[in-house]
Amino acid sequence: MSEKELALRLGVKQPYLNAIASGKKNVTLEQLERIADGLGMTLHICFESTD
């Protein structure tokens with residue numbers, strides 16, 4: 001899927017999605033969930049101790 005197609009699925013503009021992909025914008029967990037959903041994936045977050 002192209003970035004343009006994903007932007008259309010998510011209802012965002014392509015430059016905004018590009019800024020996220022290139023690390024120029026910070027994203028929230030909610031936005032990550034929307035992106036994962038747009039890609040047909042599930043977002044899993046795991047916190048692990050470093051000790």
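Not measured: the values here are computed from a predicted model.
The structure places NZ of Lys13 at 13.5 Å from NZ of Lys4, a figure rounded to the nearest 0.5 Å. Here the NZ-CD distance, from Lys25 to Gln31, works out to 9.5 Å after rounding to the nearest 0.5 Å.
Here the shortest heavy-atom pairing between Ala21 and Glu3 reads CB-OE2, 4.3 Å.
Grouping Ile, Leu, Val, Met, Phe, Trp and Tyr residues whose side-chain heavy atoms lie under 4.5 Å apart, directly or via other members, places Val27 in a hydrophobic cluster with Met1, Leu6, Leu10, Val12, Tyr16, Leu17, Ile20, Leu29, Leu32, Ile35, Leu39, Met41, Leu43, Ile45, Phe47.
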